[in-house]
Amino acid sequence: MNQDEMKKAVAEAALERIESGWIVGVGTGSTANYFIDALAGIKGKIDGAVASSEASAERLRGHGIEVLDLNSAGPLPIYVDGADEATRHLHLTKGGGGALTREKIVAAASKTFVCVVDETKVVDYLGAFPLPIEVIPMARSHVARALSKLGGNPELREGFKTDNGNVILDVHNLRIMNPVELESELDHIAGVVTNGLFARRSADVMLVGSASGVEEMT
Ligand code: ABF
């Protein structure tokens, strides 16, 4: 199995957790896209979806799945999304696709967060994947200086704007030993909208795809 086949397999495994009449929280990225495509096969069974990005909303609508506003649809029974890095404690780095803020909101508003990854994403410590941070544009330099003081090497994601009209700083060279603590610390820098650590609200279930099948971690 190649990486794409593993992503497809975990996305399809997540589908088994969807119950009739549910409104489903849907993530962003290529693994989430496989989930959306699979969800289309059972669209008659669900009452709609809440998307964590404009791109996912568009893909859902393309399949004829109704996209609902979280304010009227929440709280949700389930949120299914991928990650860029994940530990066995179900702590995640997310935001490689730039949708981290809406992803964190939908995850927070969902009872069960099912994270779907292929085995290449599972690490002992987060940090090899640069940590995405969504920042209000006028605070970019201030936040970058604060991140440098924490030992990171922030880099502006060139030519990219989030769905919320903000910029992303990707922070390199962080070896993240305590993701729960760092997540809070980063949130307290003025100008930070959201950081890509999902540790305080980690995944509840992780489905990991490998050549030998799909393993569940809780
Ligand atoms: C989203 O998609 C993001 O949080 C993460 O950045 C990315 C994972 O991408 P992919 O599924 O394409 O590997 O879940």
Side-chain angles (χ1 to χ4, degrees), residues 1-15 17 24-39 49-60 70 76 78-87 90-110 112-123 126-135 155 157 160-164 166-172 174 176 179 183 186-187 192-210 214 217:
M1 264 200 202
N2 63 31
Q3 193 179 13
D4 274 336
E5 288 165 338
M6 292 189 280
K7 288 180 178 189
K8 192 163 184 275
V10 284
E12 289 173 356
L15 198 68
R17 291 161 187 267
V24 180
V26 174
T28 300
S30 60
T31 316
N33 280 346
Y34 283 123
F35 177 69
I36 294 171
D37 296 348
L39 201 57
V50 169
S52 66
S53 65
E54 300 297 337
S56 291
E58 200 175 308
R59 194 175 187 98
L60 285 159
L70 182 65
L76 306 176
I78 195 164
Y79 176 55
V80 179
D81 196 4
D84 299 303
E85 272 187 344
T87 71
L90 311 195
H91 294 149
L92 314 171
T93 292
K94 289 175 53 55
L100 62 164
T101 298
R102 296 187 189 193
E103 289 172 352
K104 205 174 260 198
I105 293 167
V106 184
S110 299
T112 304
F113 174 11
V114 178
C115 183
V116 281
V117 291
D118 65 82
E119 63 179 355
T120 65
K121 307 274 186 73
V122 182
V123 295
L126 301 175
F129 188 93
L131 179 65
I133 307 209
E134 180 165 352
V135 177
E155 186 183 30
R157 198 177 294 182
F160 184 85
K161 271 244 175 335
T162 70
D163 284 348
N164 314 306
N166 298 314
V167 296
I168 298 271
L169 293 173
D170 292 303
V171 190
H172 299 254
L174 285 175
I176 302 170
E183 184 179 358
L186 293 172
D187 276 350
V192 167
V193 178
T194 306
N195 73 81
L197 287 173
F198 284 55
R200 283 183 297 167
R201 200 280 182 258
S202 57
D204 300 300
V205 178
M206 194 155 77
L207 300 178
V208 183
S210 68
V214 174
M217 292 184 188

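Start at 1 and go down the list; that is how both ligands and their atoms are numbered.
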Holding to side-chain contact (heavy atoms from CB on, under 4.5 Å), I want the full list of residues that pass it with E155, two or more places apart in sequence or in another chain.
H172
Set of side-chain contact (heavy atoms from CB on, under 4.5 Å) partners for A109, sequence neighbours left out
L70
Should the heavy atoms of other residues, nucleotides or ligands under 6.0 Å from CD of E58 be counted, would the total exceed 12?
no
Applying a heavy-atom distance cut-off of 4.0 Å, which protein residues contact ligand 1?
K7, T28, G29, S30, T31, D81, G82, A83, D84, K94, G95, G96, G97, E103, K121
Looking at K104 and E183, is there a salt bridge between them, counting it only when a charged N and a carboxylate O are closer than 4.0 Å?
yes
Under the 6.0 Å and 45° cation-pi test, does K7 pair with Y34?
no
Tell me every residue that passes side-chain contact (heavy atoms from CB on, under 4.5 Å) with E119, counting only those two or more places apart in sequence or in another chain.
M6, V208, S210
